[in-house]
Structure formats: structure tokens, C-alpha cells
Amino acid sequence: MHQWFVKQGRIGIVRDGNFLNLYVDPEGCDKCLLTALDAKEITEILTTLAHEIWEGQIEREEYTQQYNETESGHFQWKNSGSVITVGVSSDFSAIEIKINGNSPFKMSINQVVEFIQIVQMYLSD
């Protein structure tokens, strides 16, 4: 398990077979906030783990759980028990991650790739 104390809260990543579980513990707040360095470290680990899964013997399935963009410009993914939202904080000082529902959020490899691309897009702005 990989864990980080981030600008606000704590993030954890655990491999679960062909999925990655993303734990978000905002520690009393409604969302976690990540600095650019936090986000870079997390995306590097996600990339490494996703690559290991992709190179393994996984059964490839049609991808039907793409993200949705919210009216506020954030991005969301849904699974059977929860919704994860990623965006930039209102003061543009951090990337925010929030899970509504069950934590951890069980991410397929395709969701992980989209998540990484969106976080990298925020880092390049």
C-alpha cells in the first residue's frame, strides 16, 4: 500500500487484482487537497501500477465508465458504490479529490489512465 499525507488529508493506493483502489481520507474536511508535488508523486505510482497490470494477463473488456465533466469544470467517475471527483480548488492553489460514497474507489485501468491524464493537464496549466 502506498500512502501520502497531502496538503489537506491523506491519499492511499492499493492494487486489487486488475484494479487500483484509491483511498481518500480528507481528515475532517470534505475533500483532499494536493500540491503539485503530491499530484506528481501520486500519478507516478498510479502509472507504474497501471503499467504492471496492463502488461500482465488481464482480460480486456469494453470501457464504458468514462468520466463526466461537471458544470464547475471538475471531472467525475462513478462505480457501483461511489463517485470520485477531481478538480482544481476554487483559489487555484491545489488539486482537489473527493469521494462520495464508499471509499476506496475501485478504479479500472482505463479510469486510472483518464485520472492520470486529467491530473497532468491540471499540472501543466
Side-chain angles (χ1 to χ4, degrees):
M1 177 174 203
H2 303 275
Q3 284 195 25
W4 294 264
F5 285 101
V6 293
K7 182 175 183 172
Q8 176 180 298
R10 186 173 41 156
I11 302 285
I13 301 169
V14 176
R15 182 172 173 180
D16 179 13
N18 292 334
F19 295 89
L20 295 178
N21 290 327
L22 185 66
Y23 291 84
V24 174
D25 180 4
E27 297 183 334
C29 299
D30 65 338
K31 60 193 162 253
C32 285
L33 297 177
L34 285 69
T35 65
L37 182 58
D38 294 332
K40 185 175 183 230
E41 289 175 351
I42 289 168
T43 57
E44 286 174 358
I45 294 296
L46 286 170
T47 300
T48 299
L49 293 171
H51 181 74
E52 288 173 8
I53 292 169
W54 186 257
E55 293 298 319
Q57 300 296 321
I58 68 169
E59 184 177 322
R60 309 277 197 271
E61 298 176 357
E62 182 180 349
Y63 181 48
T64 59
Q65 299 174 340
Q66 290 92 346
Y67 66 86
N68 294 310
E69 189 169 358
T70 67
E71 290 180 14
S72 63
H74 291 95
F75 296 89
Q76 292 183 330
W77 293 264
K78 296 178 183 179
N79 66 19
S80 60
S82 55
V83 176
I84 187 169
T85 304
V86 178
V88 175
S89 63
S90 58
D91 65 358
F92 302 102
S93 67
I95 294 173
E96 56 184 53
I97 300 176
K98 182 173 161 178
I99 293 180
N100 291 329
N102 300 334
S103 185
F105 188 84
K106 190 172 189 173
M107 301 176 85
S108 70
I109 294 306
N110 292 317
Q111 289 172 323
V112 172
V113 170
E114 287 178 340
F115 180 90
I116 291 167
Q117 290 171 338
I118 288 168
V119 170
Q120 288 177 336
M121 174 189 71
Y122 288 140
L123 291 174
S124 68
D125 288 346

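Keep in mind that the numbers below use all heavy atoms, side chains included, and drop hydrogens, waters and symmetry copies. Keep in mind it's a predicted model, so treat the numbers as computed, not measured.
Inter-residue side-chain proximity for I116 and T47 is flagged as met; some heavy-atom pair is nearer than 4.5 Å. Taking the side chain as every heavy atom from C-beta outward, T85 and F75 never approach each other to under 4.5 Å. Residues I11 and V24 are in side-chain contact: their nearest non-hydrogen atoms beyond the backbone lie under 4.5 Å apart. By the 4.5 Å heavy-atom criterion applied to side chains, V86 and Y122 are counted as neighbours. At least one side-chain heavy atom of R15 sits less than 4.5 Å from a side-chain heavy atom of E52. Looking only at side-chain heavy atoms (C-beta outward), L46 and F115 come within less than 4.5 Å of each other. Residues W77 and I118 meet the side-chain proximity criterion, which asks for heavy atoms closer than 4.5 Å. Using a 4.5 Å cut-off on side-chain heavy atoms (C-beta onward), W54 and V113 make no contact.
Expressed to the nearest 0.5 Å, how far CG of L22 lies from SG of C32 amounts to 9.0 Å. The NE2 atom of H74 sits 10.5 Å away from atom CD1 of I95, with the distance rounded to the nearest 0.5 Å. Rounded to the nearest 0.5 Å, atoms CZ (R10) and OH (Y23) are 11.0 Å apart. Rounded to the nearest 0.5 angstrom, E114 CD and M107 CE are separated by 8.5 Å. Here NE2 of H51 is found 4.0 Å from CD of E55. Values are rounded to the nearest 0.5 Å. The CG atom of N79 lies 9.0 Å from the NZ atom of K106; values are rounded to the nearest 0.5 Å.
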### Message
Determine whether I84 and N100 satisfy the following criterion, side-chain contact (heavy atoms from CB on, under 4.5 Å), listing intermediate values before the conclusion.
### Response
CA-CA 6 Å; I84 187 169; N100 291 329; over 6 Å; no
### Task
Apply salt bridge (Lys or Arg N to Asp or Glu O under 4.0 Å) to K7 and D38, showing your working.
CA-CA 8 Å; K7 182 175 183 172; D38 294 332; over 6 Å; no
### Task
Test S89 against E96 for side-chain hydrogen bond (donor to acceptor under 3.5 Å, both in side chains), laying out the working first.
CA-CA 6 Å; S89 63; E96 56 184 53; 5.0 Å; no
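A pairwise comparison of heavy atoms in V119 and A39 identifies CG1-CB, 3.7 Å as the closest pair.
Q111 places no side-chain N or O within 3.5 Å of a backbone atom of Q66 that could act as its donor or acceptor partner.
Tracing side-chain contacts under 4.5 Å through hydrophobic residues (I, L, V, M, F, W, Y), one reaches V88 starting from L123; they form part of the same cluster. Cluster membership check: F19 does not share its hydrophobic cluster with M1, using side-chain heavy-atom separations under 4.5 Å among Ile, Leu, Val, Met, Phe, Trp and Tyr. The hydrophobic cluster containing W4 also contains L49, counting ILVMFWY residues as joined when their side-chain heavy atoms lie under 4.5 angstrom apart, directly or transitively. Placement of F5 and I13 in two distinct hydrophobic clusters is found when ILVMFWY residues are connected by side-chain heavy-atom separations under 4.5 Å, directly or transitively.
Taking D30 as the reference, nothing meets the side-chain hydrogen bond (donor to acceptor under 3.5 Å, both in side chains) condition, with sequence neighbours excluded. For A50, the side-chain contact (heavy atoms from CB on, under 4.5 Å) partners are I109, V112, not counting sequence neighbours.
Side-chain polar atoms of S108 and N110 form no donor-acceptor pair below 3.5 angstrom.
No more than 12 heavy atoms of other residues, nucleotides or ligands lie within 6.0 Å of OH in Y67, so this atom counts as exposed by the packing criterion.
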